Amino acid sequence: WVAQVLRWCSSSTGGMAPVPEAAKSNDLEALAAILDAEPGLVYAWDDESLGGDDIAQPLHCACYAGSVEAVALLLDRGADIGADGHGEEW
């Protein structure tokens, strides 16, 4: 399963798509597995997950979706609570 997640991470989406999707859907198992394999993805920027012109980190996505447990996991993994997203929403 982890190997499948890692292949998804390295796909043409630039490696970010699974992280915000797991954060938005509060999929803690997937989120933890991805961050265990690639801890730096907690800081990765993504410009597709929220739509429009927004550029966000996984923490922004989890907050936007109200995924409280994912927010806690991301903060525990070192997410930057002060990261300034780019776009109208932030």
Side-chain angles (χ1 to χ4, degrees):
W1 183 83
V2 172
Q4 181 181 7
V5 170
L6 292 176
R7 279 193 300 277
W8 190 21
C9 286
S10 63
S11 72
S12 63
T13 62
M16 181 57 183
V19 180
E21 291 307 317
K24 287 192 305 187
S25 65
N26 211 39
D27 187 343
L28 303 181
E29 184 179 352
L31 189 56
I34 294 166
L35 295 177
D36 284 345
E38 293 290 336
L41 288 177
V42 75
Y43 307 110
W45 289 97
D46 178 62
D47 63 353
E48 297 178 4
S49 296
L50 298 179
D53 294 328
D54 292 330
I55 299 174
Q57 289 188 341
L59 184 60
H60 296 119
C61 296
C63 290
Y64 183 80
S67 301
V68 176
E69 293 89 356
V71 169
L73 188 149
L74 291 164
L75 290 173
D76 186 54
R77 298 296 182 101
D80 181 3
I81 198 167
D84 183 22
H86 308 283
E88 296 177 21
E89 300 279 338
W90 313 110

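Numbers for residues simply follow the sequence, beginning at 1. The shown structure was predicted, so the numbers you read here are calculated from the model rather than taken from an experiment.
Between the Q57 side chain and the A44 main chain, no donor and acceptor come within less than 3.5 Å of each other. Without hydrogens or angle criteria, Y43 side chain to G78 main chain gives a donor-acceptor distance under 3.5 Å.
Residue L28 comes nearest to L73 through the heavy atom pair O-CD1, 4.0 Å, listed as atom of the first residue, atom of the second, then distance. Here the closest heavy-atom approach between residue A23 and residue L31 is recorded as CA-CD2, 4.3 Å. Nearest heavy-atom pair, N26 versus A70, reported as atom, atom and distance to 0.1 Å: OD1-N, 2.9 Å.
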For this session: Go through the steps to decide whether V42 and D80 satisfy the test side-chain contact (heavy atoms from CB on, under 4.5 Å), and finish with yes or no.
Result: CA-CA 9 Å; V42 75; D80 181 3; over 6 Å; no

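L74 CG to H60 NE2: the interatomic distance, rounded to the nearest 0.5 Å, is 11.0 Å. Taken from CG in L75 to SG in C63, the straight-line distance is 7.5 Å, to the nearest 0.5 Å. We find the CD-CG distance between E69 and D76 to be 13.5 Å, quoted to the nearest 0.5 Å.
Residues passing the salt bridge (charged side-chain N to carboxylate O under 4.0 Å, His left out) test with D36, sequence neighbours excluded: R77.
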